[in-house]
Amino acid sequence: MTKLIDSYNRSIDYLRISITDRCNLRCTYCMPSDGIPLMNPDNILRYEELLRIIKICASHGITRVRFTGGEPLVRKGVVDFIKNIAGIKGIEDLSLTTNGVLLKDYAMPLKNAGLNRVNVSLDSLKKDRFQKITRADNLEDVLKGLDESEKIGLSPVKVNVVAIRGFNDDEILDFALMTKEKPYHVRFIEYMPFDVEAGWQKEKCITAMEIKDVIEKHEKLMPLDSSKNRTGPARRYKFSNAVGEVGFISPVSDHFCGSCNRLRLTADGKLRTCLFSDDEIDVKKALREGASDKEIENLLFNAVRKKPERHYINDNIFKKCSRTMSLIGG
Ligand code: SAM
Ligand code: SF4
């Protein structure tokens, strides 16, 4: 098997796939209130096309696949699709990033289909603020989804919190304290520059270090092993008597590009070499023009070769991406 090694000697074993651009929420930092213009459904990769791409990736050392969106649970047939992916030789870890609204009912079928774990995005524990951020009234549903996922062992259940200054920074400690009661991995993610209604400003981004300081004013965190292996880019910590853990992901203040192991596939079939790079390789076009597996493989190796050494979001040359997170698959 020829493995996917990029020009900077990083081994690529992780594929993040956006399976839809649709979503049942409208988070203010991700989408305008009336949503984004949706892709033509014909342009969305069909499940059998995704299956073929993932099989080819798995035959070159991709062992971990994450499904995201848009909201992956709004796409019809997602459970059967995941069941098919779980059967692919070489795939060891299947995960899903979701807003959690539909998770309570989906958790068990997903687990039975072979999903290993979930990341649930949740930016406020206050009902009115949740509504303000997401423009919907589903906090209870998300909390039930978290509970159910934990109960049935879709673990570890990770809770992703985007910390935005002046928006939810007064809840940092509440989120961290959740880990004393629940075995969740609460991960604070820095607010990244995607241009939704020109809302991003550097001052709104609270750095991972600042977030940690806020928590440690209350109680010291103990460092855990953050070696990349299974934990991804989070720096991990724990309160001494906690059942869960706290993580910090710092794409803005302290990038982790040197250990990046991922490729992304958009819902409309473009391989993206980096979250922040608009350099895309069109796999869908090739698939639909009858490309052989060998030709698809060549596109895959080409994408890996083109992976940039790092992102440039803190440099003057950086231009905001043409796609927002929901169109890339965050
Ligand atoms: N709908 C699913 C969800 O919300 O989990 C999956 C897709 S969503 C685009 C994936 C993640 O991107 C969410 O955790 C969301 O909070 C995050 N996200 C979106 N825009 C972001 C931004 N500008 N900075 C940081 N995270 C962002
Ligand atoms: Fe939808 Fe996720 Fe974007 Fe919120 S962050 S609007 S849930 S895609």
Side-chain angles (χ1 to χ4, degrees), residues 23 25-36 68-71 97 99-100 119-136 138-139 142 158-178 185-218 221 232-235 237 246-257 274-278 310-330:
C23 188
L25 296 183
R26 294 282 179 273
C27 303
T28 49
Y29 58 80
C30 182
M31 282 194 195
S33 57
D34 49 355
I36 37 159
T68 177
E71 172 49 40
T97 299
N99 60 33
N119 287 15
V120 180
S121 308
L122 178 61
D123 303 320
S124 178
L125 298 167
K126 298 178 196 259
K127 192 176 157 61
D128 53 340
R129 186 176 290 163
F130 178 95
Q131 187 157 24
K132 203 165 158 205
I133 296 176
T134 63
R135 301 179 172 115
N138 295 106
L139 176 60
V142 179
K158 296 187 182 175
V159 180
N160 288 352
V161 185
V162 179
I164 303 180
R165 202 180 309 280
F167 206 40
N168 61 355
D169 40 353
D170 56 341
E171 292 189 66
I172 289 172
L173 186 58
D174 294 343
F175 272 109
L177 289 175
M178 271 175 107
H185 293 196
V186 171
R187 292 133 37 101
F188 295 96
I189 302 175
E190 290 175 350
Y191 184 26
M192 295 181 272
F194 288 93
D195 212 6
V196 178
E197 300 182 316
W200 190 86
Q201 291 150 12
K202 187 141 197 161
E203 309 77 69
K204 289 191 185 167
C205 171
I206 316 176
T207 65
M209 214 176 324
E210 283 179 85
I211 299 170
K212 183 163 170 280
D213 283 348
V214 169
I215 298 170
E216 291 201 310
K217 280 206 177 97
H218 170 80
L221 287 163
R235 294 215 178 80
Y237 296 83
V246 175
F248 302 98
I249 303 184
S250 55
V252 181
S253 68
D254 184 15
H255 72 73
F256 35 83
C257 306
C274 167
L275 178 58
F276 297 104
S277 163
D278 279 337
R310 63 177 179 94
H311 70 59
Y312 294 94
I313 61 177
N314 294 314
D315 297 36
N316 288 336
I317 56 167
F318 177 66
K319 284 204 299 280
K320 290 220 181 97
C321 299
S322 61
R323 293 178 188 253
T324 53
M325 279 289 251
S326 72
L327 289 177
I328 299 171

side-chain hydrogen bond (donor to acceptor under 3.5 Å, both in side chains) with [X]: which residues, sequence neighbours excluded?
X    : value
S124 : E171
K127 : D137
N99  : N24, E71
R26  : none

Return the minimal non-hydrogen interatomic distance between [X] and [Y], and the atom names on each side.
X    : Y    : value
T207 : E190 : CA-OE2, 3.3 Å
K132 : T28  : O-CG2, 3.6 Å
S250 : A208 : CB-CB, 3.9 Å
G247 : A234 : CA-CB, 4.4 Å

[X]: what forms a side-chain contact (heavy atoms from CB on, under 4.5 Å) with it, not counting sequence neighbours?
X    : value
L221 : K212, I215, E216, Y237, F239, V246, F248
V214 : I172
R165 : D169, I206, E210
K204 : I164, Y191, Q201

How long is the straight-line distance from [atom2] of [Y] back to [atom1] of [X], given to the nearest 0.5 Å?
X    : Y    : atom1 : atom2 : answer
I211 : F175 : CD1   : CZ    : 11.5 Å
D123 : F167 : CG    : CZ    : 8.0 Å
K126 : I133 : NZ    : CD1   : 11.0 Å
I249 : N160 : CD1   : CG    : 6.0 Å
L177 : L125 : CG    : CG    : 10.5 Å
L139 : R129 : CG    : CZ    : 12.0 Å

Would you say the side chain of S253 lies within less than 4.5 Å of the side chain of M209, judging by non-hydrogen atoms?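 Side chain of M209 against side chain of S253, heavy atoms only: no contact under 4.5 Å found.
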Under a 4.5 Å cut-off applied to non-hydrogen side-chain atoms, are M192 and V252 in contact?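 Result yes, sub-4.5 Å side-chain heavy-atom pair found.
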Output all residues satisfying salt bridge (Lys or Arg N to Asp or Glu O under 4.0 Å) with D213, sequence neighbours left out; order by chain, then residue number.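 Here no residue qualifies.
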